[in-house]
Amino acid sequence: MPHGVHYLDRDHRSLLTTDDPFGWPGTPEAWQERYQYLLDAYHGENYSAQMIKDLQLFRALDDNGKIIAQTRRLYRDRIFLVEVAASALAIGEVVLTPVEGAPDADVEEARAIWQRSEMATQGTLWSKDAALYGDLYVEPVRMSSTRPYAVELVSHDARTVILEYDPILGRRISRAVITHAILGEVSVDMHGHPTESGAVDTYQRTLDARAISISRTRYSTQLDAQTAAEDAEGEAGAGEHGLSITPIAHGRFTPSPMEPEHSLPVTHGLDRPEGEINSLASQISAVGDRYGNPKLMIKGVKVGGGADLLNIGKILNLYGGSKDAMSNADARYLEPTLSGVSEIRAQMERLIDDVRSTFPEFLFSSSTANLSADALRLLATRYEVKYAAVRARIYGSIEKAIAMGVAMAQNRPYDPTRHPVRLSGPPLLPADVAALLDVITKARAAGLITMEDAVERVQRLDLADRDATPAEYMQRLQAPAAPPSRRAPLIEDGEE
């Protein structure tokens, strides 16, 4: 059954109950709406009418007060930022390296958890969630009721999680409530058309330092075999977990001093200038639309019956009034002047340049084409410094989730000093592979790094199998080459 979050109110009204819609949300409901807004904006959905009004974005009204044009989401830098940030995190491309002194059983179980979690594909989605929402929630989940429980890592959508840290120190998660809306099976006819929507059931997990409790509210009229299997799978993870901490890890893209429960996304600081840019772009679009569809103005005369006023180029039968009045009559199309468009465009471009100068992610855009070599190096350094810190936070939370999963599989309390593996990602900037290989070779020859260190760095360059440990890969290199296979001689026609 597909999981999803269903909101009937897409006007983001919880964000509009304060003087500043883009300020820090003050309630769990406002945070859910904030996450929903971030997702809607990433998908390119337009501003709601209420948000346009409250943010004082561009609207054009006719004489009757009817809206004939309004701000649309035309500016795409938000999508660019999320994609670059997700590529930088590259969770699906990380290499697991055993921590020195970690028990072999722990390392083996950590790798098994990683493989069962299908991180090569799921990691891409986790990277995007962390960049888009600013918060990544990872839970080690028991998929079986018998040891070693077939533990897997599961990431929960930020819109579904309500997290509570301890109120004194704000360092440990005391409770987490995860609520999913699950859509039942949809009826489909023989032509592939949906004929009836499935019922929406509610599935909720409550985690604390002692146990995991699961509840489900069903609105489906019947339970099929798949649903029964999912229920059994869910119940397998319920009960006391024995970790002595709440079994969920929280990865924060950009932490805020406001509170530990929530973080800031890669697009933090973009909302207000993005609204202004979209407003200016929509004004230009509205002027262009009016220029291509001018309005007919008739003064001092009457129009003959049957005249099609909307048919440009048609001769109009104008009459009425005295000779003097007719001499002053006028009939023409009102066209807006385009002289102001260039000024609006220049203002918009200045604002875009100002915004992009504050985000090192635009190192990869055409906006840096005219920068000097020194400026490019500075921008590249800013980018690497930023994402080295982001990776440390996100990767650290996943390492903690893996360690909790290993402890869960071994039926023992979680030990923060017993993390079996560490995560390392590929180079943040496109690497000069030949130069890096030369450096690795020279460092190995000088005895500055071990052979395992050299193999690990080659794995990061995606030149060696990342699924194997450095030790396993070294064994492959040292294994004797298989003798070439001999082919049976071909039998020519006429031979037996």
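What's counted below: heavy atoms across the whole structure, side chains too, no hydrogens, waters or symmetry copies.
Taking CD1 of Ile212 as the start and NE2 of His241 as the end, the distance is 5.5 Å to the nearest 0.5 Å. Distance CZ/Arg272 to CG/Leu55: 9.0 Å, rounded to 0.5 Å. Separation of atoms CZ (Arg72) and CD1 (Ile52) is listed at 10.5 Å; rounding is to 0.5 Å. Put simply, CD1 on Ile398 and CZ on Arg391 are 11.5 Å apart, with the number rounded to the nearest 0.5 Å. Taking OG of Ser127 as the start and CG of Leu132 as the end, the distance is 12.0 Å to the nearest 0.5 Å. The distance from atom OH of Tyr414 to atom NZ of Lys400, rounded to the nearest 0.5 Å, is 5.0 Å.
In the model, Asp453 has a side-chain atom that pairs as donor or acceptor with a side-chain atom of Thr450 under 3.5 Å. Side chain to side chain, Tyr75 and Glu276 fail the donor-acceptor criterion of an N or O pair below 3.5 Å. Between the side chains of Gln204 and Thr179, at least one donor N or O sits under 3.5 Å from an acceptor N or O. Side-chain atoms of Arg356 and Ser365 form no donor-acceptor pair, as typed in the model, at a separation below 3.5 Å. Using modelled atom types, one finds no donor on one side chain facing an acceptor on the other under 3.5 Å when comparing Gln70 with Asn46.
Within 6.0 Å of the CD atom in Glu108, the count of heavy atoms belonging to other residues, nucleotides or ligands does not exceed 12. Within 6.0 Å of atom CZ in Arg476, more than 12 heavy atoms from other residues, nucleotides or ligands are found, so the atom counts as buried in its surroundings. Few gaps surround CG on Asp354; more than 12 heavy atoms of other groups in view lie less than 6.0 Å from it. For Arg172, the CZ atom is loosely surrounded, since the number of other residues' heavy atoms within 6.0 Å does not exceed 12. More than 12 heavy atoms of other shown residues, nucleotides or ligands fall within 6.0 angstrom of atom CZ in Arg412. For CD1 of Ile168, the number of neighbouring non-hydrogen atoms (other residues, nucleotides, ligands) closer than 6.0 Å is 12 at most.
Between the side chain of Asp208 and the backbone N or O of Arg175, no donor-acceptor pair lies under 3.5 Å. Side chain of Thr246 to backbone of Ile248: no donor-acceptor contact under 3.5 angstrom is found. Formation of a donor-acceptor pair under 3.5 Å by the Ser279 side chain with backbone atoms of Gly275 is not found in this model. Of the possible donor and acceptor atoms, one in the side chain of Glu399 sits under 3.5 Å from a partner among the backbone N and O of Leu423. A side-chain donor-acceptor contact under 3.5 Å links Thr71 to the backbone of Phe58.
Residues His250 and Tyr137 approach most closely at CD2-CE2, 3.5 Å, considering heavy atoms. Pairing each heavy atom of Ala176 with each of Leu163, the nearest pair is CB-CD1, 3.5 Å. What you find for Ala131 and Pro265 is that their closest heavy atoms are O-CB, 3.5 Å. In plain terms, the two heavy atoms of Gly134 and Ser263 that are nearest each other are O-CB, 3.1 Å. When all heavy atoms are compared, the tightest approach of Val99 to Arg422 is CG2-N, 4.0 Å. Of all heavy-atom pairs spanning Pro247 and Glu139, the tightest one is O-CG, 3.2 Å.
Arg73 forms a cation-pi arrangement with Tyr47, by the criterion of a distance under 6.0 Å to the ring centre and an angle within 45° of the ring axis. Cation-pi geometry between Arg142 and Tyr149 is met: under 6.0 angstrom from the ring centre, within 45 degrees of the axis.
By the 4.0 Å N-to-carboxylate-O rule, Arg111 lies too far from Glu472 to be salt-bridged with it. With respect to Glu109 and Arg116, a salt bridge is recorded, a charged nitrogen being found less than 4.0 Å from a carboxylate O. Looking at Lys442 and Asp438, a side-chain N of the basic residue comes within less than 4.0 Å of a carboxylate O on the acidic one, giving a salt bridge.
Thr160 has its side chain out of reach of Tyr203: every pair of non-hydrogen atoms, C-beta onward, lies at least 4.5 Å apart. Proximity of Gln32 to Gln36: side-chain heavy atoms (C-beta onward) are nowhere separated by under 4.5 Å. For the pair Leu363/Leu429, a side-chain contact is recorded, criterion being any heavy-atom separation below 4.5 Å from C-beta on. Between Asp135 and Arg252 there is a side-chain heavy-atom pair separated by less than 4.5 Å. You'll find the side chain of Arg147 reaches within 4.5 Å of the side chain of Asn411, heavy atoms only. Side-chain contact check for Asp129 versus Asp157: every heavy-atom pair is 4.5 Å or farther apart. Between Thr267 and Phe359 there is no side-chain heavy-atom pair separated by less than 4.5 Å. Within the 4.5 Å cutoff, the side chain of Asp271 has heavy atoms near those of the Tyr37 side chain.
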| request: Let me see the working for Val385 and Arg382 under side chain to side chain contact (heavy atoms under 4.5 Å, CB included), right down to the final yes or no. | output: CA-CA 5 Å; Val385 169; Arg382 287 176 54 200; 6.0 Å; no

| request: Begin with the C-alpha distance, continue with both residues' side-chain angles, and end with the deciding distance and a verdict on side chain to side chain contact (heavy atoms under 4.5 Å, CB included) for Glu274 and Asp77. | output: CA-CA 8 Å; Glu274 179 190 46; Asp77 275 4; over 6 Å; no

| request: Any chance you could lay out the side chain to side chain contact (heavy atoms under 4.5 Å, CB included) test for Ile394 and Trp126, step after step, and finish with the verdict? | output: CA-CA 10 Å; Ile394 299 298; Trp126 292 18; over 6 Å; no

| task | Go through the steps for Met348 and Ile277 under the test side chain to side chain contact (heavy atoms under 4.5 Å, CB included), then give the verdict. | result | CA-CA 6 Å; Met348 184 178 69; Ile277 291 168; 3.9 Å; yes

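In this pair, Trp24 and Trp31 present their aromatic rings perpendicular. The plane angle is above 60°, beyond the 30 to 60° band. The aromatic rings of Tyr387 and Tyr383 sit tilted relative to each other, their planes meeting at an angle between 30° and 60°.
Under the 6.0 Å cut-off for aromatic ring centres, Phe80 and Phe364 do not qualify, their centroids lying 6.0 Å or more apart.
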